[in-house]
Every structure is written in C-alpha cells, then in structure tokens.
Number of protein chains: 2
Amino acid sequence: MTRTQDRKEHWLDGMAQHVLAHGLNNASLRPLAQAVGTSDRMLIYHFGSKEGLIDALLRHLAGGFVAGLEAALPPGRAASLPACLAEVVALLRNPAMAGYARIWLDILSAAAGGEAAHRQAGQDIMAGFALWLEGRLPEDTHDSAATAAALLTLLEGVIVMDSVGQQDMADAAIAVIGQSLSR
Amino acid sequence: MTRTQDRKEHWLDGMAQHVLAHGLNNASLRPLAQAVGTSDRMLIYHFGSKEGLIDALLRHLAGGFVAGLEAALPPGRAASLPACLAEVVALLRNPAMAGYARIWLDILSAAAGGEAAHRQAGQDIMAGFALWLEGRLPEDTHDSAATAAALLTLLEGVIVMDSVGQQDMADAAIAVIGQSLSR
DNA sequence: TCCCGCCTGTAGCGATCGCTACATTTTTAT
DNA sequence: ATAAAAATGTAGCGATCGCTACAGGCGGGA
C-alpha cells in the first residue's frame, strides 16, 4: 500500500508545520491530529505510539532542515571565511528559518534530558549541517572538517545567544572570531 | 516574617536540586512539593501560581549558577586565551555542572517558545557569565568585552555539541578558534 | 455470496495537570 | 483573652494526557 505511505508522508508534512509553529516538546496527539485532519486514534494506529510518531517526525524534520539549507543556499564556495559565516548567519536568522531554531532548542532540551531519539536526530542534523557547510568553505581552506566544526559550533552559540535576546554578544563573537580566523 | 522567607528560600534550594536532577520544563507541582516535604497546595499559596514559582526558581537558579562559577574558579587571570578557554570548558563539562547544562537547555527551549521569564533568566545568566569570564581573561586582552562575548558564544556552542554527542566537533572548534584567537 | 482482515469513528479509561472551596489550626494583634 | 489574620490539610474540580475497547465499514479472495 503506497496509498497509506503517501498519506503518512503527508501527515508528517502537516505535523512538521504544526510543530514549527507551536513547538515540539509540548505537542500532544489531539492537536497534531487536528492539524492534519485526522484523529489521535489514527495517529496511534499508524505510528504505534506517540514515541513512534515523534521518531518519524524527528527524521522528517532532520531531512527537511538539511534539504532546506541546500535549497536556500545552493552549493558554492564562499569568498572568505567571514563572508561564509555572514551568509550562513543571515540564513539562520531569516524569519523563514526561525521556526527551526525554536524546535532545534526543543530537540536539544529533550536530548539533554536523555531522550535517545532526540539525541540521535540532533546528531544527524549536526552531521548533515557540517557536511553542507564544509562544501561552502573557501576553496583554500586547510583543514576543512575542523574549520566547518569550528564555524558550526560558533553558529550554535549564535542561535543560543539570539534565543535569549543577546544578539549583541553573538554579533561581537562573529566579528571577533570571523576576523581572527581569516588572518 | 523572616520565618516564612527562610522557608521559601529553603524550598527553592530543594526545588533547584530537584529540577537539576529531573529537568525544568516537565516539572510539576506535586513532585516539586514532595521533593521539599510540602504539598502543591502550599506552593500555590506561597508563590501565587506555578508561574510565580517558576519565576522565583529561575532567579534562584540564575544566582546559584553564577555563584557556582565564582566558587569553582575564583577570580584570577588566565595565562592565555586558549588556557582560559580550556579551563572554562573543563569546568562546564565537570559532572558537578552537568545538571546545569540540562536545565540551561530547558530554559533556552522555553525562551525560544516565548516564555518571557525564561528569556529574562537566560539573558541574566548570560550577562553574569560574561562578566565573570571577562575577569578571567589574560591581562593583555585588548577588547575584553568583545573577547568575552566571543568565548561565551563559542562555549554555548560547545554545550550544544556536547548535548547531542558531538563532542568531537566541539573539541575541534575549541582547538581551531583557541589557536586562532591567541595569534 | 460470504467471510476475513485492514481501517476508522465513538466513547471512554485511568492518570496527571494547575488550581480551588472549605474547614481547621496556628499565629498575631489588641 | 479574644478577635482577626495567616497558614495548612483534605478533597476534589475540570481539563488534558496517551492510549484502548468496542463496534462497525469496506475491500478483495474463497
């Protein structure tokens, strides 16, 4: 039955939209079901349990995020490290990506609380993000894996700073470290 | 009545221990009350509402965290930026501080979800952390505020990486950026 | 046709949530 | 000593949670 598979995929799209707007950790079955025009009864039936549903949804979100990155900024080398940093920061701060920042912190919170599925999803997202970023570094980058890890770690810090309204600190960090790395 | 104030403070200590062990976002009144030997009824009576209780608890946790920093690493200048970075990373990765990493991500998650109290607490914690860090930078640091912001943003990224099991990326970032900043 | 297995709607279970009504005890002020 | 006020225990409300029992609809193979 590809019929039911298609519908599950469609459900996952709709539920992803719902958690992007309303958060992931507080999501409950009935609102999720209503968002995609079905019932909690059906979600449990087709996903086995809420845990199974969240597993599937996390995978869907992880794939969607990395795909969204590649769609927003197609492959191409940046002119310099600060330029690379600036364009990715601008992308992450774009309102279209703001929903992801929110559920990203939900995922981290659950992962820190011991939820294995969230931890795995976070790990996968970071790995995909790192790979994508590595492909955007200037061509003359020496150790591109370590450089991508460095930029990515800094970017995560920027997301954290932004989330509590400390954009100033994030901007200072981008300026200081970007300039330092380009020398 | 300093009597009831003392007890509220004692309650906050106990509840802080409880959320450090069991998480902040999923905490509910009855377990919190049981952890300090009282009832949900009493918590509501003395704090007004759960929101009031969380407000007080967030302030308590923020103060406790910054005080814990100062107790763990008393004021003193680091020999170099990489050394400063290394000692603070070691401190944050210390098991004694691991509970704070967990609820820190809970606070960020709630802040990103629009909870004003959590956002404010996060902002205060970051500001206190930055001030403390600024006092530990090497004496010859030029723009110490910006440098502290840079290290702090990087540290936040390290916490994120660690929380999803990407310590390798965090270590790479520390090495690359630490070395770069010291040049 | 009949039946069987997949799907789905209805209704509700037991647990937990934040919070409150009510009665009572304990403390404080006069 | 007595009245007012503050503090506390008991019990439960209404809402929501994940999940399930039950009954039926609905399709294709015998």
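Chain letters run A, B, ... following the sequence lines, proteins first, then strands; residues in each count from 1.
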Whole Å only: how far is the [atom1] atom of [X] from the [atom2] atom of [N]?
X     : N      : atom1 : atom2 : value
A:L32 : D:dT16 : CG    : P     : 15 Å
B:R41 : C:dC19 : CZ    : P     : 13 Å
A:L43 : C:dT8  : CG    : C1'   : 12 Å
A:R30 : D:dT20 : CZ    : C1'   : 12 Å
B:Y45 : C:dC22 : OH    : P     : 17 Å
B:Q34 : C:dT16 : CD    : P     : 11 Å
B:H46 : D:dG9  : NE2   : P     : 9 Å
B:I44 : D:dG12 : CD1   : C1'   : 15 Å

Just compare C:dT8, D:dA7, D:dG9 and give me whichever is closest to any side-chain atom of A:R7.
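The answer is C:dT8, which lies nearest to the side chain.
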Looking at C:dG18, C:dC6, D:dG18, which one has an atom nearest to any side-chain atom of B:L29?
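The closest nucleotide is C:dG18.
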With nearest nucleotides of DNA chain D determined for A:P31 and A:G48 from heavy-atom distances, which residue corresponds to the more 5′ nucleotide?
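Going by which nucleotide is closer to the 5' end, it is A:P31.
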Partner of A:F129 under ring pair (Phe, Tyr, Trp, His ring centres under 6.0 Å), picked from A:W104, A:Y100, A:F65, is A:F65
Using a cut-off of 6.0 Å, state whether more than 12 heavy atoms not belonging to B:D13 lie near its atom CG.
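Yes.
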Does atom CZ of A:R93 have more than 12 heavy-atom neighbours from other groups under 6.0 Å away?
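Atom CZ in A:R93 is crowded, with more than 12 foreign heavy atoms closer than 6.0 Å.
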Please check if any side-chain donor atom of A:D162 sits under 3.5 Å from a side-chain acceptor atom of A:Q166, or the reverse.
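Not at all, the side chains of A:D162 and A:Q166 share no donor-acceptor pair under 3.5 Å.
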Considering just the side-chain nitrogens and oxygens of A:S28, establish if one lies under 4.0 Å of OP1 or OP2 belonging to D:dC17.
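For A:S28, the contact criterion (side-chain N or O under 4.0 Å from OP1 or OP2 of D:dC17) is met.
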Between B:E51 and A:S39, who's closer to the 5' end of DNA chain C by nearest nucleotide?
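This one resolves to A:S39.
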Considering every strand and a 4.0 Å limit on heavy-atom distances, what is the contact class for B:S49: base, sugar-phosphate, or nothing?
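Sugar-phosphate contact only - B:S49 comes under 4.0 Å of backbone atoms but never of a base.
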Is the base of C:dC19 touched by the side chain of B:D40 through a donor-acceptor pair closer than 3.5 angstrom?
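Pair found.
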Check for a donor-acceptor pair, side chain of A:S144 on one end and backbone N or O of A:T141 on the other, with a separation under 3.5 Å.
no
